[in-house]
Novice: 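Have a look at this one before I ask anything.
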Amino acid sequence: MTSLKREREVEVDDDDNEDGVVAKIGRGRVVEDRRSRHCPYLDTINRSVLDFDFEKLCSISLSHINVYACLICGKYFQGRGLKSHAYTHSVQFTHHVFLNLHTLKFYCLPDNYEIIDSSLEDITYVLKPTFTKQHIAGLDKHGKLYRAYDRTTYLPGIVGLNNIKANDYANVVLQAFSNVPPLRNYFLEEENYKGIRRPPGDIMFLLVQRFGELMRKLWNPRNFKAHVSPHEMLQAVVLCSKKNFQITKQGDAVDFMTWFLNALHSALGGNKKKPTIITKAFQGSMRIFSKKLPHPDLTPEEKEALLLTEEYQEQLSESTFLFLTLDLPTAPLYKDEKEQLIIPQVPLFNILAKFNGSTEKEYKTYKENFLKRFQLTKLPPYLIFCIKRFTKNNFFVEKNPTIVNFPITNVDLREYLTEEAQATEKNTTYDLVANVVHDGKPTEGAYRIHVLHHGTGKWYEMQDLQVTDILPQMITLSEAYIQIWKRQECDDHDTDNHTAA
């Protein structure tokens, strides 16, 4: 029996060498096709048309299953069997080299053999970039320019994002977060979040996967082009937000950022007690002093009587925050003597006074009014400011054009901390690393972002696909909407705990 088996194996082996077909022999041993390492069609590959940023769908059947990319025209097709769309395309247009988008293996069709060639490694790296710990550690230490396949030069991380229709509100937030080192470093290594368990049927983890993919594309030093399309990321946003945020309709950057941070935190398995990379980087805490006000229609005697009751005494509560909202003073209604509206200016420290523990602000609800004051108890490594520019009433949305005057570096927030926190917090000085700007009308305007490149120390302005360098002095003249500040001497390893916890 054993001699017969051996004879059969030898016969199959000989047939393989003659016909050039990959066959499985005995127990899992595979004979490699002679053509695999000598494919004559490799010179037909056109790298300039390859774009792996879009959803991996067959262009004919619109199926996600078993999708191959034609490396000659860049289109996606399903399968490679005799009646598949990829096979038909290869015969009809004589396009022979295909890449399986899931297994990252190359095939020649219609001959149907696997191609093994090290010259194709650059294509698999663009489809699925990977980063070593050494590479990640050196990202902020140099400002080396890289040349893309289309001969444009770019800095990894300072890369334009395509505005598909009206998604610039999401682009600026994604670009801002891609330049927060602990967040970036966590998502560049897929191993950090790969093992997080989610309940069956949970779609929110898709957001984490797509954000990680986008982060790796933005920081890829071997891109074929110097811009990235966030198509798959935004489709995950539309799906996970139940169409609250869309690609085709302009949204609000602060609303998107609020939802995105909380969605990422919960998708990474976080809650109020369990921290994630989001809370480690951005979460601070504050004290809120709240006092209920009597109804204004009451008589002075009734008001005085109510103020003595326990319900109207000042209440103290502790709360965490991922960002601080700064209120702008109301803009002037009237024009000056030259018939021009004055664009008012306000120093950053004036609007930060909201958190000094003594400034009171009235908050009105449908039934009750409250006086509140705030004081910070803990500052995060990265502090986000949201400057409240938009106010909604029953009829329309108004935008406050006030310019906030702020320094780019050395903003000390010690005076806004409680006395106990002042004793424990060592560093309270912050430098600006990202500044999101809104230009134009409230509902029709456009977004752009200023980002500090840590390696070069230079500032860059990004608006959709346009990337230009900018002087730091010009940043303060813009209508800032969202700002991210980095604590000085803040060691990114403090927050960059590479665990799924």
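Nothing here was measured: the structure is a model prediction, and the numbers come from that model. Residue numbers count from 1 along this sequence.
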Novice: Roughly how far, to the nearest 0.5 Å, is the CG atom of L214 from the CD atom of Q175?
Specialist: 9.0 Å
Novice: Would you say the side-chain atoms of K128 pair up with the backbone N or O of L104, donor to acceptor, closer than 3.5 Å?
Specialist: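 No.
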Novice: Check whether any side-chain N or O of D150 sits under 3.5 Å from a backbone N or O of T152 as a donor-acceptor pair, and report yes or no.
Specialist: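 Such a contact is found between D150 side chain and T152 backbone.
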Novice: Checking Y447 against N163: is there a side-chain donor and acceptor pair closer than 3.5 Å?
Specialist: no
Novice: Check this for me, if you would: do E213 and R216 make a salt bridge, where the nitrogen-to-carboxylate-oxygen distance has to be below 4.0 angstrom?
Specialist: no
Novice: Within the distance-only criterion (no hydrogens, no angle test), does the side chain of K165 pair as donor or acceptor with the backbone N or O of Q246 below 3.5 angstrom?
Specialist: no
Novice: Looking only at atom types and distance, does a side-chain atom of W485 sit under 3.5 Å from a main-chain N or O of F385, one as donor and one as acceptor?
Specialist: no
Novice: Between Y76 and K56, is there a cation-pi geometry (under 6.0 Å to ring centre, at most 45° from the normal)?
Specialist: no
Novice: Look at the rings of H89 and F93 and say which category their plane angle falls in: under 30° parallel, 30 to 60° tilted, over 60° perpendicular.
Specialist: tilted
Novice: Anything under 30° is parallel, anything over 60° is perpendicular, the rest tilted; go ahead and classify F98 against F77.
Specialist: perpendicular
Novice: Relative to Y125, does R222 satisfy both conditions: NZ or CZ under 6.0 angstrom from the six-membered ring centre, and within 45 degrees of the ring's axis?
Specialist: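 Output yes; distance and angle both within limits.
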Novice: Less than 4.5 Å apart, any side-chain heavy atom of V433 and any of H454?
Specialist: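 Answer yes - side chains close enough.
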Novice: Is it the case that H438 and K399 place a side-chain donor and acceptor less than 3.5 Å from each other?
Specialist: yes
Novice: Looking only at heavy atoms, which two atoms of L188 and F131 are closest? And how far apart?
Specialist: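 Closest approach of L188 to F131, heavy atoms only: CD2-CE1, 3.9 Å.
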Novice: Side chains of Q78 and I60: does their closest heavy-atom pair fall under 4.5 Å?
Specialist: no
Novice: Mark yes or no for whether N167, through its side chain, and I164, through its backbone, hold a donor-acceptor pair below 3.5 Å.
Specialist: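 Yes, the answer is positive, given that a donor and an acceptor are paired below the 3.5 Å cut-off.
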Novice: Which residue in the set F282, F187, F211 passes ring-ring contact (aromatic ring centres under 6.0 Å, His included) when paired with F177?
Specialist: F282
Novice: Do we see a donor-acceptor contact under 3.5 Å between the side chains of Q250 and D168?
Specialist: yes
Novice: Within the 3.5 Å criterion, strictly below it, is a donor on N435 or Q483 matched to an acceptor on the partner's side chain?
Specialist: yes
Novice: Between the main-chain N or O of L379 and the side-chain N or O of R487, is there a donor-acceptor pair closer than 3.5 Å?
Specialist: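 Side chain of R487 to backbone of L379: a pair is present.
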Novice: On the ring face of F390, is K392 found with NZ or CZ under 6.0 Å from the centre and within 45° of the axis?
Specialist: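 Negative - K392 is either too far from the ring of F390 or too far off its axis.
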Novice: Can any side-chain N or O of T377 pair as donor or acceptor with the backbone N or O of S285 at less than 3.5 Å?
Specialist: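 Here the side-chain-to-backbone pair exists.
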